[in-house]
Novice: 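I have a structure I would like to understand better, so I am pasting it below and will then ask my questions one at a time.
Since the structure is predicted, the reported quantities are computational estimates derived from the model, not experimental observations.
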Amino acid sequence: MRLWRSSGPPLLEGDPSLCPKTFADLLKQPKTQVKSIPMKPVSYLHGEPQIIWDRSEIDQMIINENLEYAVIGKFSYGWPDIHELRSAIPKQCEMKGECKIGLLCNRHVLIRASLLEDYVHLLSKPAFYITSRGNSFPMRTFKWDPMFKAEAETTTAVAWISFPSLPPNFFGEEAIFSLASAVGKPLQVDLATRNQTRPSCARVKVEVDLLKEFPKRIKIGVKRSEELISERWINIRYDYMPKYCKTCKIQGHDEQQCYVVHPELYQGKKDKNSQEEMKESQGEEAKDKGGETNNNKAVEQAQGTNKGKEGVGENKQHKGDGMLKKEWQRTGVLFENKFSALQDCKKGEEMGKTEKNPNNDQDLNKKHLLEEDKEIDYNIQHISKLGDLSPRQTTSLQNSVKKGKSIIPLQVQTRRSREKTSISEQ
C-alpha cells in the first residue's frame, strides 16, 4: 500500500511546528516584528531645529526598544543601589517573566517587563515595599509614556470596572473588551469571568486616562431585522479610580483636596490635629489624676480600717494570772490575710505580758515597804542585843523610826553590812 503525500511543500526535519510546545512557550507573548525606521530630515521653526515623527513610527520605536510593557518605579523616600534593585524587584514584586531594570533619572527606575501579566501586576498595586539591608523603601509604579517628565506624573492609571446585570452571552473576552473600550484600553478579565463562575457580573481591568470623563452606562443592542433593534442599558461600576491633581501634577488627590489651591484645608487639618492632640493629653492627665485620687482614697480607707482595728483592740480586755491585761495591737500595718493578723495578735499578747501595769507597781511598792520594815526591826533588835538596851529603849527607838524622827547616831546594820561582817568573820 503506497502513501500519497499532499501537494504542499515538503516537511523538513527541523520544522518548529512539529516540536511539542511547553507551558513556558504558551505563556510567552508573541514577539512583534522589529522594523527599521527611516531617518527624518531636520526642519527649522523660528530658527530652532525640530524633527517630527508619525504616531506609527513612535509605536514601532517602542516595539524595537522593548518598551511595550515598560513601567516606571518612583522612590519618594530614598532608594537602594541599582544593582540591588535589579535583584530585589523581580523577586519581591513576584514577576514571572524576564525584565530589565535601569536608572532613568533621580528617584525613578525604568522596568522593562516582557509579559503582559507582569505589566498588569505592577500597575495594579498602589505601592510596593522593596527591602534591602534591613530597610524598606516604598516604590510607586506608573505607566511609562514617551513624553515622560520626572517633575510630572503620568495621567494614565489602571482600574477595575465591572458590568453588573450583563447577559452571560456577552461574557466572552471579545465582547467584554468591546464594552470596556468605552472607558479605556482593556487589559484582562478577572478569574471568575474567565472561568464562568459568576454570571451576575463581568469584571475587567482597564487602562484609563484620569483627566477624561468616565461614562456611567453603556447601551447594547441586538439587531433582529433591518428596522427592529432591541436595546438595553448596562451600568458601569468603577471599583476604585485614582485621583489626579492638575496643579501638583501628581496622582493621589484632586484639585478639591489640594493644599496649594485650598491652603485653608491644610490649616484646618493642622488645627484638627492639634485639637486631637490636646484631647489626648487632657484625657491622659484626667486618667492620671483619677488614678491618684483612687490611690488616695484607698490609702485613707486602709488607714481608717487600721484605726478602727486599733480602737477595738485597745478596748478589748481579758483576765489572766489574777490581773487585767490589755490586748496589744500593731498600728499602721495592713494585714494581707486573716491568718497573718492572728499571728500578729499572738505576738502582741506575748509582748503585752512583759509590759508594766500600774496595779502591779502598787503591789510591788507595798512588798518593798514591808521588807524594809522587817529589815529595820531586825536591825533594832540586833542593836539592842549588842548595846544591852532595855525593852523600853527598843520600843522608843522603833516608834521614832516609824514617825521619821532623828535617831541617836548608832550603827544600824543593813543587809549588805551583815553580808560583809559574815564574810570577814569567816
Novice: Pairs in or reaching into residues 148-187: which pass ring-ring contact (aromatic ring centres under 6.0 Å, His included), with residues at least two apart or in two chains?
Specialist: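 ring-ring contact (aromatic ring centres under 6.0 Å, His included) check on residues 148-187 returns H108-F148.
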
Novice: If you compare all heavy atoms of R232 against all heavy atoms of S165, which two are closest, and at what distance to 0.1 Å?
Specialist: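 Nearest pair, atom of R232 first, then S165: NH2-O, 3.0 Å.
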
Novice: Report the C-alpha separation of W144 and I62 in whole Å, then their side-chain angles, then the decisive distance to 0.1 Å, and conclude whether the side chain to side chain contact (heavy atoms under 4.5 Å, CB included) test is met.
Specialist: CA-CA 11 Å; W144 174 83; I62 293 173; 4.1 Å; yes

Novice: Between K74 and E153, is there a side-chain heavy-atom distance shorter than 4.5 Å?
Specialist: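 Yes, close enough: below the 4.5 Å cut-off.
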
Novice: Do D81 and S132 touch side chain to side chain, with heavy atoms closer than 4.5 Å?
Specialist: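 No, side chains not in contact.
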
Novice: Please find the pair of heavy atoms, one from D118 and one from G97, that lie closest to each other, and give the distance.
Specialist: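 Closest pair (atom of D118, atom of G97, distance): OD2-N, 2.8 Å.
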
Novice: How would you list, by chain and number, every residue that makes a side-chain hydrogen bond (donor to acceptor under 3.5 Å, both in side chains) with D145, sequence neighbours excluded?
Specialist: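 So D145 forms no side-chain hydrogen bond (donor to acceptor under 3.5 Å, both in side chains) with any residue.
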
Novice: Is there a donor-acceptor contact under 3.5 Å linking the side chains of R198 and T193?
Specialist: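 Distance-only check passes for R198 and T193.
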
Novice: What's the verdict on side chain to side chain contact (heavy atoms under 4.5 Å, CB included) for K125 and C93, showing C-alpha distance, side-chain angles and the deciding distance?
Specialist: CA-CA 10 Å; K125 288 188 177 181; C93 295; over 6 Å; no

Novice: What are the two closest non-hydrogen atoms of G78 and F137, and how far apart are they?
Specialist: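 Heavy atoms of G78 and F137 come nearest at O-CD2, 3.4 Å.
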
Novice: Please examine the side chains of I234 and L179, heavy atoms only from C-beta on, and report whether any two atoms are closer than 4.5 Å.
Specialist: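 They are not in side-chain contact.
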
Novice: Would you check, one step at a time, whether the test side chain to side chain contact (heavy atoms under 4.5 Å, CB included) holds for K243 with L210?
Specialist: CA-CA 7 Å; K243 298 178 180 180; L210 299 177; over 6 Å; no

Novice: Would you say the side chain of L115 lies within less than 4.5 Å of the side chain of M95, judging by non-hydrogen atoms?
Specialist: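 M95 does not reach L115 side chain to side chain.
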
Novice: Looking at every non-hydrogen atom in both residues, tell me the closest pair between P167 and I220 and how far apart they are.
Specialist: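 Taking every non-hydrogen atom into account, CD-CD1, 4.4 Å.
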
Novice: Side chain to side chain contact (heavy atoms under 4.5 Å, CB included) for F75 and I130? Distances and angles first, verdict last.
Specialist: CA-CA 10 Å; F75 293 90; I130 308 301; 4.2 Å; yes

Novice: With a 4.5 Å heavy-atom cut-off, do V183 and Y238 have their side chains touching?
Specialist: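 Heavy-atom side-chain distance check passes, below 4.5 Å.
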
Novice: State, to 0.1 Å, how close Y69 and L116 come at their nearest heavy-atom pair, and which atoms those are.
Specialist: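 Shortest heavy-atom contact: CE2-CD1, 3.7 Å.
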
Novice: Would you mind reporting whether L67 and L110 have side-chain heavy atoms less than 4.5 Å apart?
Specialist: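 L110 vs L67: side chains touch.
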
Novice: Pairs in or reaching into residues 181-206: which pass ring-ring contact (aromatic ring centres under 6.0 Å, His included), with residues at least two apart or in two chains?
Specialist: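 Sorted pair list comes back empty.
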
Novice: Can you confirm whether I236 sits close enough to K216 that some side-chain heavy atom of one is under 4.5 Å from a side-chain heavy atom of the other?
Specialist: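 Not in contact.
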
Novice: Are any non-hydrogen side-chain atoms of Y244 and K249 less than 4.5 angstrom apart?
Specialist: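 In short, these two side chains touch, coming nearer than 4.5 Å.
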
